[in-house]
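Data first, discussion second: the structure below is written as structure tokens.
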Amino acid sequence: LVPPPLHSSPNQPMEGEDEEEQGHEYALRGFRGTQRRVPSLWQGRLDASDVDAITTDPAFAMGAALFVMSILVFLWGEWQGGKAHSAFGSLKNRITSVSSDHASMEGEGVLIHTTGTLEAEGVVEDSVFGIRAPKALMLRRRVKTYQWHEMVEESAQGTGTDERIVRYHFALAEHLIDSRQFWKPDEHQNPSCHRIDPRHVVSDRITLGDFSVPPPLVRQLETLWEPLPPPQSVDLPAISEWLGLSHRLHPIEGGVFIGANPAVPEVGE
């Protein structure tokens, strides 16, 4: 379901006690609590008090620990990569190339390599919207929801404090964004679920020549998706009532919009 492009709408300015807001942009000075800026090692010679401040700061100890851990993780990844490369090299010598048109019991349990065209039998369908795709490998119902997005920028003011600029805008997203972690969650609440669930249907019978291909393997394929909008004969009001939706379904280019007005979308639609 792909709603139409977002139209801009005016934002009302708000004011707070120690925060400034311009539309949906906030300037948070000093962060939360008291923080002291630590001088940089690259700014010149440090006196004894500066060195003590750096070495006794908990943030410095945490940063040093994370640095050591990153080195260990890197070395562990290199070791695992070397093991995988060696395992692949040993398997490569055991691979047998066969024709996809001549499957036999002799290849049962043997690592083989073959090429061909995937073919599906039957029809995959989305019964809710009346979409049928004969001989298609997969049928995917994509759902995108308008949600608030948070962007945070930090800058040093040179007065011992930092400034954090928080900006909000709403746009389409397939994954759900947890607004409880926002700096301003009360004014920017995101839905906890889509109004209709996404769906991924794979054909029951897929072959590669004489070989059968299991559905879990087909799901991993990066295929070229062809949009299939609902047919014009589908009864969208009946679907909305059957799904128990409080909003109408509007046909749009390439899909269906669930909400009050496709021209003026709102968060959650």
Side-chain angles (χ1 to χ4, degrees), residues 1-3 73-74 76-145 147 172-178 191-231 233-234 236 239 242-245 249 252-258:
L1 308 180
V2 185
V73 170
F74 173 78
W76 181 82
E78 289 294 311
W79 178 64
Q80 291 292 329
K83 288 179 57 180
H85 186 269
S86 299
F88 179 77
S90 61
L91 289 175
K92 185 178 180 180
N93 298 327
R94 297 163 49 190
I95 296 177
T96 302
S97 295
V98 299
S99 172
S100 61
D101 297 328
H102 297 86
S104 64
M105 293 301 297
E106 296 179 357
E108 187 70 21
V110 178
L111 188 62
I112 66 170
H113 169 266
T114 187
T115 60
T117 301
L118 290 174
E119 296 181 352
E121 299 178 5
V123 178
V124 289
E125 63 178 339
D126 186 336
S127 58
V128 173
F129 292 97
I131 298 177
R132 295 172 55 86
K135 296 186 178 181
L137 300 178
M138 293 176 284
L139 183 63
R140 178 176 62 178
R141 181 200 296 166
R142 298 182 62 190
V143 180
K144 295 183 180 181
T145 300
Q147 302 176 71
L172 289 170
E174 289 193 54
H175 66 282
L176 294 173
I177 302 173
D178 188 0
S192 58
C193 62
H194 296 291
R195 292 188 174 176
I196 188 171
D197 293 331
R199 194 182 181 197
H200 203 159
V201 183
V202 181
S203 176
D204 295 331
R205 173 65 174 167
I206 298 178
T207 59
L208 177 65
D210 287 345
F211 294 94
S212 296
V213 182
L217 183 60
V218 178
R219 290 178 183 270
Q220 303 178 27
L221 297 177
E222 292 294 334
T223 59
L224 298 177
W225 295 96
E226 178 184 349
L228 292 174
S233 59
V234 67
L236 293 181
I239 294 176
W242 181 69
L243 294 175
L245 299 174
L249 275 66
I252 60 173
E253 182 179 358
V256 174
F257 176 81
I258 303 176

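Closest non-hydrogen pair, Leu228 versus Ala133, comes out as CD1-CB, 4.0 Å. Residues Ala136 and Val124 approach most closely at CB-CG2, 3.8 Å, considering heavy atoms. Residues Leu176 and Ser192 come closest through the heavy atom pair CD1-O, 3.3 Å. Pairing each heavy atom of Glu125 with each of Arg132, the nearest pair is OE1-NH1, 3.2 Å. The minimum heavy-atom distance between His175 and Gln147, with the atom names listed, is O-NE2, 2.9 Å.
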(request) Check the pair Arg199 / Val128 against side chain to side chain contact (heavy atoms under 4.5 Å, CB included), numbers first and verdict last. (result) CA-CA 11 Å; Arg199 194 182 181 197; Val128 173; 5.6 Å; no
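Remark: of the listed residues Glu174, Arg195, His194, His194 is the sole one forming a side-chain contact (heavy atoms from CB on, under 4.5 Å) with Val143. Screening Ile206, Val202, Val213 for a side-chain contact (heavy atoms from CB on, under 4.5 Å) involving Leu137 leaves a single residue, Ile206.
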Donor-acceptor list for residues 111-121 side chains, cut-off 3.5 Å, not counting sequence neighbours:
from   : atom 1 : to     : atom 2 : distance (Å)
Thr114 : OG1    : Val98  : O      : 3.2
Thr114 : OG1    : Ser100 : N      : 3.1

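Rounding to the nearest 0.5 angstrom, the gap separating the CG atom in Leu249 from the CZ atom in Phe129 is 5.5 Å. Rounding to the nearest 0.5 Å gives a distance of 11.0 Å between CG of Leu139 and CD of Glu226.
Ile131 has its side chain out of reach of Arg141: every pair of non-hydrogen atoms, C-beta onward, lies at least 4.5 Å apart.
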